[in-house]
Amino acid sequence: EISAKYIELKDELNSNQNDFKKQCIGNYQQKESDLKLEIDANRQEIKKFKQEIRFKDEEINEYKSALIELERENGKFSQELQDINDVNDRKIRELHDELDIAQHQSQLSYQFEKQIKQ
């Protein structure tokens, strides 16, 4: 009877151990599966972020190119504006010179007219 009880308890222990092992293995397999899914999701997210980074890099490069072009055009227009200002300044000086000459001639004419009247 003790031998039978011993064998029964031993079988129950083995059965419990097997059930526990199966439960642990099942739990670990489920965790492994969950982790694999999470890793795959993270990889997909990383892939998406890398694509976004590439897109943003391209966008930044386009903005840089546009900025360089605008700076070049700005330099060109600034030079054209400076040239126009230089021409206008020269014309204003010439007009002042002509005005000074005209005023001087007017004074001479007035003095000459005054001398003639005397």
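Since the structure is predicted, the reported quantities are computational estimates derived from the model, not experimental observations. Residues take their numbers from the sequence shown, with the count starting at 1. For the numbers below, each heavy atom of this structure counts, side chains included, while hydrogens, waters and symmetry mates do not.
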Are [X] and [Y] within salt-bridge range, i.e. N to O under 4.0 Å?
X      : Y      : value
Glu113 : Lys117 : yes
Lys76  : Glu73  : no
Glu32  : Lys36  : yes
Glu45  : Lys48  : no
Glu58  : Arg54  : no

Under 3.5 Å, side chain of [X] to main-chain N/O of [Y], donor-acceptor pair present?
X      : Y      : answer
Ser109 : Gln105 : yes
Ser33  : Gln29  : no
Asn74  : Leu70  : no

So, [X] versus [Y]: side-chain donor-acceptor pair below 3.5 Å or not?
X     : Y     : answer
Gln79 : Asp83 : yes
Asn27 : Gln23 : no
Gln30 : Asp34 : yes

Roughly how far, to the nearest 0.5 Å, is the [atom2] atom of [Y] from the [atom1] atom of [X]?
X      : Y      : atom1 : atom2 : result
Leu99  : Ser106 : CG    : OG    : 10.0 Å
Leu108 : Lys114 : CG    : NZ    : 13.0 Å
His104 : Ile101 : NE2   : CD1   : 9.0 Å
Ile2   : Ile7   : CD1   : CD1   : 12.0 Å
Ile46  : Gln51  : CD1   : CD    : 12.5 Å
Glu59  : Ile53  : CD    : CD1   : 13.5 Å

Check: [Y] and [X] side chains under 4.5 Å, non-hydrogen atoms:
X     : Y     : answer
His96 : Ile92 : yes
Phe55 : Glu52 : no
Asp11 : Glu8  : no
Gln17 : Leu13 : yes
Leu67 : Lys64 : no

- prompt: Would Asp40 and Gln44 count as a side-chain hydrogen bond (donor to acceptor under 3.5 Å, both in side chains) if you check the C-alpha gap in whole Å, the side-chain angles of each, and the deciding distance to 0.1 Å?
  reply: CA-CA 6 Å; Asp40 287 341; Gln44 291 300 319; over 6 Å; no
task: Apply the test side chain to side chain contact (heavy atoms under 4.5 Å, CB included) to residues Glu94 and Arg90: give CA-CA distance (whole Å), side-chain angles for both, the deciding distance (0.1 Å), then the verdict.
output: CA-CA 6 Å; Glu94 288 173 359; Arg90 184 178 47 81; 3.0 Å; yes
field: Intermediate values then yes/no, side chain to side chain contact (heavy atoms under 4.5 Å, CB included), Ile68 and Arg72
entry: CA-CA 6 Å; Ile68 289 168; Arg72 188 188 63 75; 5.6 Å; no
